Novice: 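Shown below is the structure under consideration.
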2 protein chains.
Amino acid sequence: MNTKPKSISKNLVYRVPIYLTISRRLVDEGAKYITAPQISDITGINVETVKKDLSQICKTPGNPKLGREATTMVEEILEFGVYTKLTNAILIGVGHLGRALLNYSGFAEWGLHIAAGFDRDPKIIGTKIDGKPIYEMDDLSRIIKETDAEIAIITVPKEYAQQLVDFAIAAGVKAIWNFAPTHINVPDDVILQNENMASSLSLLNYNLKASKRKRKVAKKR
Amino acid sequence: MNTKPKSISKNLVYRVPIYLTISRRLVDEGAKYITAPQISDITGINVETVKKDLSQICKTPGNPKLGREATTMVEEILEFGVYTKLTNAILIGVGHLGRALLNYSGFAEWGLHIAAGFDRDPKIIGTKIDGKPIYEMDDLSRIIKETDAEIAIITVPKEYAQQLVDFAIAAGVKAIWNFAPTHINVPDDVILQNENMASSLSLLNYNLKASKRKRKVAKKR
DNA sequence: TAGATTGTTAATCGATTAACAATC
DNA sequence: TAGATTGTTAATCGATTAACAATC
């Protein structure tokens, strides 16, 4: 009775932040109602997809002809994405990327709070970055427990990634957000999200080369 | 006659860097042959998917029982992904993230070379980051032409993204790698790749919350 | 040979897109 | 009312997975 009968697809969850960003912008611009065709125009996402997504995301039914009440829609997207409840995370590896993530102020908007960073460089241990304390690796287990951190953000060189992930999981972390360019094994009950820049760069490059080939062919004709 | 009859799926291209990383590692570890089941075990990707992918990626047929000759496989993946030919890029917005990307040494491996950075902060204009010069925005068009940059990496606050993308495209850029958390419009012949951290974070968080719910239900029983 | 793997065709699955009735 | 949009069911599309013959 309690479980939702409709299955939520991965791609839908992926699109939720897009819908939230757009709806917020439209509310800021004074919109009272927001329609699926409107979002489709802005994002390029097929209008049928948007309609279906919104009907799954929002509890309040939409208004034929008018669309959905804008502020209600924003609230319901927030609720669906569980963005209002902050989850604590710790970040392992304060290199260039780790530093950038520690300094990024936008995560709170998506329900993430980075509580602390970890590194093995004595020069930065004990300092703070954007107010977040940097600890030595030996403190990992203790701080994870103290902060109740559920997510570990991995921004270390690939050689160290697996070992540190294992430590973090042993200390109670329930999800891994992996920025290290390597494969990582986690137990079944731990969520693993890979942020693979190589993959998206690769896709970009491939499409670029493909479109270049096409352009050449077009010129020849 | 010249065009490939088999269509290459987006997801396959996305997996190519994974195959490359793994095969390189196996070669380093002394492997003479690499098999699909082996890669499947390491990555968790379904073995049928790996088999099919590899047969599309590699020209040389595999060896029943033995697998594929390891070094040949690495070469053919490199060739498929066009990783050996460097493409020039410029990076717009030298904030924390922009700085991290400028400092990242791994891009060369995937065929990307960042030739220059752009920012409006006079304090960093004229300096170099990891050897890459930082210019003012007014130099955008000139430098894009001089370096023959085909890719613009966008790491500016969302308010400025669209405008700068338009400039870059006007100057001849053929692809946009967008890290700004906003939607961007590009002409049909320009490749757009969004790096949406909010989306993957959102998916991570959603899965985390879902697994937590599941755990609670399991406990109750 | 037996066994493992390749390569390819067929079946399944899931997501997107199309179609259409309901309704303000 | 006419027109635009919602919500939902059906059709299509594409990717994954399964099945199986070929082969070293």
Side-chain angles (χ1 to χ4, degrees), chain A residues 4-16 18-19 22-23 26 31-70 72-74 76-77 80 199 202-203 206-207 210, chain B residues 4-16 18-19 22-23 26 31-70 72-74 76-77 80 199 202-203 206-207 210:
Chain A
K4 288 163 199 163
K6 289 171 199 164
S7 76
I8 306 293
S9 86
K10 191 192 130 168
N11 290 358
L12 163 56
V13 179
Y14 208 83
R15 285 190 294 266
V16 174
I18 300 174
Y19 296 138
I22 304 276
S23 336
L26 292 173
K32 287 278 162 282
Y33 285 88
I34 298 175
T35 68
Q38 217 177 345
I39 293 182
S40 172
D41 279 351
I42 297 171
T43 60
I45 301 170
N46 179 287
V47 67
E48 320 296 333
T49 305
V50 177
K51 273 200 292 180
K52 213 170 207 179
D53 284 352
L54 291 183
S55 78
Q56 286 201 70
I57 293 168
C58 302
K59 285 178 185 169
T60 311
N63 202 325
K65 173 102 175 162
L66 286 173
R68 297 188 132 80
E69 210 276 303
T72 310
M73 182 168 154
V74 169
E76 291 181 342
I77 299 176
F80 180 91
S199 282
S202 171
L203 182 57
Y206 190 89
N207 288 334
Chain B
K4 288 163 198 161
K6 288 171 199 162
S7 76
I8 306 293
S9 86
K10 191 192 131 170
N11 290 358
L12 163 55
V13 179
Y14 207 83
R15 286 189 295 265
V16 175
I18 300 174
Y19 296 138
I22 303 275
S23 337
L26 293 172
K32 287 278 162 282
Y33 286 86
I34 298 174
T35 69
Q38 218 177 345
I39 293 182
S40 173
D41 280 350
I42 296 170
T43 60
I45 301 170
N46 179 287
V47 66
E48 320 296 332
T49 306
V50 177
K51 274 200 292 180
K52 214 170 205 179
D53 284 352
L54 291 183
S55 78
Q56 286 200 72
I57 293 167
C58 302
K59 284 177 186 169
T60 312
N63 202 325
K65 173 102 175 164
L66 286 173
R68 296 188 133 80
E69 210 275 302
T72 310
M73 183 167 153
V74 168
E76 291 182 344
I77 298 176
F80 180 91
S199 281
S202 170
L203 183 57
Y206 189 88
N207 288 335

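Chain identifiers are assigned alphabetically (A, B, ...) following the order of the sequence lines, protein sequences preceding nucleic acid strands; residue numbering begins at 1 within each chain. Quick caveat, the model's predicted, so the values are computed rather than measured.
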Novice: What closest approach, in Å, do A:Lys51 and A:Ala36 show between heavy atoms, and which atom pair accounts for it?
Specialist: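 Reported closest heavy-atom pair: CG-CB, 3.6 Å.
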
Novice: Distance check, rounded to the nearest 0.5 Å: B:Leu12 atom CG versus B:Thr49 atom OG1?
Specialist: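 Reported value, rounded in 0.5 Å steps: 10.5 Å.
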
Novice: More 5' along DNA chain C: A:Pro64 or B:Leu66, using each one's nearest nucleotide?
Specialist: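 The 5'-side residue here is B:Leu66.
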
Novice: Between B:Glu76 and B:Thr60, is there a side-chain donor-acceptor contact under 3.5 Å, judged purely by atom types and distance?
Specialist: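 Note: B:Thr60 and B:Glu76 side chains meet the donor-acceptor criterion.
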
Novice: Please report, rounded to the nearest Å, how far the P atom of D:dG7 is from the CE atom of A:Met73.
Specialist: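 That distance rounds to 11 Å.
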
Novice: D:dT6 P sits how many Å from A:Glu69 CD, rounded?
Specialist: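 Taking atom P of D:dT6 as the reference, CD of A:Glu69 is at 14 Å.
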
Novice: Can you tell me how far P of D:dT6 sits from CD of A:Gln56, to the nearest Å?
Specialist: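 Interatomic distance, CD of A:Gln56 to P of D:dT6: 15 Å.
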
Novice: Rounded to whole Å, please give me the gap between NZ in A:Lys51 and P in D:dT9.
Specialist: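 For the pair A:Lys51 NZ and D:dT9 P, the rounded distance is 13 Å.
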
Novice: I need the OH-P distance between A:Tyr33 and D:dA4, as an integer number of Å.
Specialist: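 One finds 19 Å between P of D:dA4 and OH of A:Tyr33, rounded.
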
Novice: Find every protein N or O atom lying less than 3.5 Å from an N or O atom of nucleotides 15-17 of chain C, and list the pairs.
Specialist:
residue: C:dT16; atom: OP1; partner: A:Asn11; partner atom: ND2; Å: 3.1
residue: C:dT16; atom: OP1; partner: A:Arg15; partner atom: NH1; Å: 2.9
residue: C:dT16; atom: OP2; partner: A:Arg15; partner atom: NH2; Å: 3.3
residue: C:dT17; atom: OP2; partner: A:Thr49; partner atom: OG1; Å: 3.2
residue: C:dT17; atom: O4; partner: A:Lys52; partner atom: NZ; Å: 3.2

Novice: In chain order, what residues pass the salt bridge (Lys or Arg N to Asp or Glu O under 4.0 Å) check against B:Lys10, with sequence neighbours excluded?
Specialist: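 Scan of B:Lys10 (salt bridge (Lys or Arg N to Asp or Glu O under 4.0 Å), adjacent residues dropped) gives none.
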
Novice: What's the spacing between A:Ile22 CD1 and A:Ile34 CD1 if we round to 0.5 Å?
Specialist: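 If I round to the nearest 0.5 Å, the distance is 9.5 Å.
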
Novice: Got a minute to check which stems DNA chain D is part of, using Watson-Crick or G-U wobble pairs under 3.5 Å, three or more consecutive?
Specialist: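 Stems found: C:3-24 with D:3-24.
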
Novice: Where is the tightest heavy-atom contact between A:Ser23 and A:Val74, given as atom of each residue plus distance?
Specialist: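 Minimum heavy-atom separation between A:Ser23 and A:Val74: CB-CG2, 3.8 Å.
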
Novice: Between atom NZ in B:Lys65 and atom C1' in C:dT6, what is the gap in whole Å?
Specialist: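 For the pair B:Lys65 NZ and C:dT6 C1', the rounded distance is 13 Å.
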
Novice: With distance as the sole criterion, is a donor-acceptor pair present between the side chains of B:Tyr19 and B:Asp53 under 3.5 Å?
Specialist: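 Indeed, the side chains of B:Tyr19 and B:Asp53 share at least one donor-acceptor pair under 3.5 Å.
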
Novice: Which pair of non-hydrogen atoms, one from B:Ala31 and one from B:Ala70, has the smallest distance, and what is that distance?
Specialist: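 Of all heavy-atom pairs spanning B:Ala31 and B:Ala70, the closest is O-CB, 3.5 Å.
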
